[in-house]
Amino acid sequence: MKGALIVIDMQNDFMPGGALAISNADRIIPLINQLMEKFEHVIATMDWHPADHVSFATWPQHCLEESEGVSLVKELHQEQIEKIFRKGMDPMVDSYSAFFDTNLADYLKKKKIQDLYFVGVATDFCVFHSLLDALELGFSATLVLDACMPIDSEGGEKAVAEMREKGARIWLSKQLFDG
Ligand code: VGL
Ligand code: ZN
């Protein structure tokens, strides 16, 4: 598959039992592993916060730098990942986007990667904001719906509707395996 699979925040703290647990987030791991095999480029993001991060006014403390919870889930086939971008490192900057305050856009442009496929968590937060920023930056963006999980199911549905409205393709993983 041409383009890049962007694996958003598949970290311990977002899994069941974690500090900011998302129900069923662990269920998408095998599918993400399968999808990674299909792509020429696999890029991952990690939510990565200092202890005094501004987002802890909104959320329970999560993804603390150098903690157990910040690690990528061990079941994820990390050897397939070509590059990892950390986000949320500035204590004063609250952003859910993988493109905000990172070199991700430059990295993709340098490699002439235009088509992005998003998977991971959370559909209604980091996946949502990352995908919308990708569209604004001129990338094509596909949400692989069944390889994402929302924090809130209603919020997830709203986010998907808005992503579609703004020009994202909403696909199921089946469409990638069949193509
Ligand atoms: C996220 C809330 C806070 C996410 C990160 O990855 O969607 N959500 N930090
Ligand atoms: Zn966070």
Side-chain angles (χ1 to χ4, degrees), residues 1-15 18 22 24-48 63 70-88 95-151 156 159-164 166-179:
M1 197 72 196
K2 266 187 47 175
L5 187 71
I6 313 288
V7 181
I8 305 279
D9 297 2
M10 289 302 288
Q11 296 162 268
N12 292 333
D13 271 346
F14 295 121
M15 299 297 124
I22 299 170
N24 299 318
D26 52 334
R27 300 247 187 120
I28 62 177
I29 300 168
L31 189 50
I32 292 175
N33 281 335
Q34 278 180 284
L35 286 167
M36 291 199 292
E37 306 272 345
K38 299 280 291 182
F39 279 85
E40 201 179 321
H41 299 280
V42 178
I43 288 154
T45 66
M46 294 174 82
D47 208 38
W48 191 282
C63 298
V70 82
S71 301
L72 291 172
V73 292
K74 65 175 189 312
E75 296 84 359
L76 198 67
H77 295 167
Q78 292 178 35
E79 68 280 2
Q80 302 280 347
I81 298 170
E82 107 183 11
K83 179 96 177 152
I84 294 175
F85 290 86
R86 294 174 179 176
K87 62 181 173 61
S95 168
Y96 298 115
S97 172
F99 290 94
F100 196 86
D101 232 9
T102 70
N103 298 320
L104 176 55
D106 283 344
Y107 181 87
L108 294 168
K109 281 179 184 157
K110 221 168 263 169
K111 297 223 159 192
K112 304 210 178 336
I113 300 169
Q114 168 61 22
D115 301 324
L116 309 183
Y117 294 78
F118 289 86
V119 300
V121 295
T123 319
D124 40 351
F125 289 93
C126 283
V127 175
F128 175 67
H129 289 279
S130 300
L131 187 148
L132 291 191
D133 274 0
L135 289 172
E136 290 233 334
L137 289 163
F139 295 98
S140 97
T142 303
L143 181 79
V144 187
L145 183 60
D146 53 332
C148 296
M149 203 55 76
I151 290 180
V160 171
E162 189 170 340
M163 288 186 269
R164 182 185 282 122
K166 298 255 163 81
R169 296 189 302 183
I170 312 298
W171 276 22
L172 294 174
S173 54
K174 187 177 177 302
Q175 288 166 274
L176 280 160
F177 293 124
D178 291 349

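In this text the structure is predicted, and so the values were computed from the model without any measurement.
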Heavy-atom pair with the smallest gap, counting every atom of [X] and [Y]:
| X | Y | answer |
| --- | --- | --- |
| A122 | I151 | CB-CG1, 3.5 Å |
| D47 | V70 | O-CG2, 3.3 Å |
| L76 | I32 | CD1-CG2, 3.8 Å |
| T123 | P150 | OG1-N, 3.1 Å |
| C126 | D9 | SG-OD2, 3.4 Å |
| V73 | M15 | CG1-CG, 3.3 Å |

Please examine the side chains of [Y] and [X], heavy atoms only from C-beta on, and report whether any two atoms are closer than 4.5 Å.
| X | Y | value |
| --- | --- | --- |
| E82 | V42 | no |
| Y117 | L176 | yes |
| V7 | L72 | no |
| I6 | I8 | yes |
| F139 | L135 | no |
| H41 | Y107 | no |
| W48 | K87 | no |
| T102 | R86 | no |

Within this structure, what is the [atom1]-[atom2] distance for the pair [X] and [Y], rounded to the nearest 0.5 Å?
| X | Y | atom1 | atom2 | value |
| --- | --- | --- | --- | --- |
| F118 | L145 | CZ | CG | 14.5 Å |
| I43 | L108 | CD1 | CG | 4.5 Å |
| R169 | D115 | CZ | CG | 7.0 Å |
| H77 | E37 | NE2 | CD | 7.5 Å |
| I170 | T142 | CD1 | OG1 | 8.5 Å |
| D133 | S95 | CG | OG | 7.0 Å |

Without swapping roles, check the side chain of [X] against the backbone of [Y] for a donor-acceptor pair under 3.5 Å.
| X | Y | value |
| --- | --- | --- |
| D124 | A159 | no |
| D146 | S173 | yes |
| Q114 | G138 | yes |

Between L31 and F177, does a side chain to side chain contact (heavy atoms under 4.5 Å, CB included) hold up when you go through it step by step? CA-CA 11 Å; L31 189 50; F177 293 124; 3.8 Å; yes
Is atom [atom1] of [X] surrounded by more than 12 heavy atoms (other residues, nucleotides or ligands) closer than 6.0 Å?
| X | atom1 | result |
| --- | --- | --- |
| E136 | CD | no |
| F100 | CZ | no |
| R27 | CZ | no |

Partner set under ring pair (Phe, Tyr, Trp, His ring centres under 6.0 Å) for F14, not counting sequence neighbours: H62
Yes or no on side chain to side chain contact (heavy atoms under 4.5 Å, CB included) for L5 and V119, after CA distance, side-chain angles and deciding distance? CA-CA 7 Å; L5 187 71; V119 300; 3.9 Å; yes
Chi angles and distances behind the side chain to side chain contact (heavy atoms under 4.5 Å, CB included) call for V121, Q11: CA-CA 9 Å; V121 295; Q11 296 162 268; over 6 Å; no
Considering residues at least two apart in sequence or located in another chain, which fulfil the salt bridge (Lys or Arg N to Asp or Glu O under 4.0 Å) criterion with D13? none
Carboxylate-amine/guanidinium proximity below 4.0 Å for K111 and E40: no
Is K83 positioned over the aromatic face of F85, cation under 6.0 angstrom from the ring centre and no more than 45 degrees off axis? yes
Does the side chain to side chain contact (heavy atoms under 4.5 Å, CB included) test come out yes or no for L143 and L131, once each step is laid out? CA-CA 8 Å; L143 181 79; L131 187 148; 4.0 Å; yes
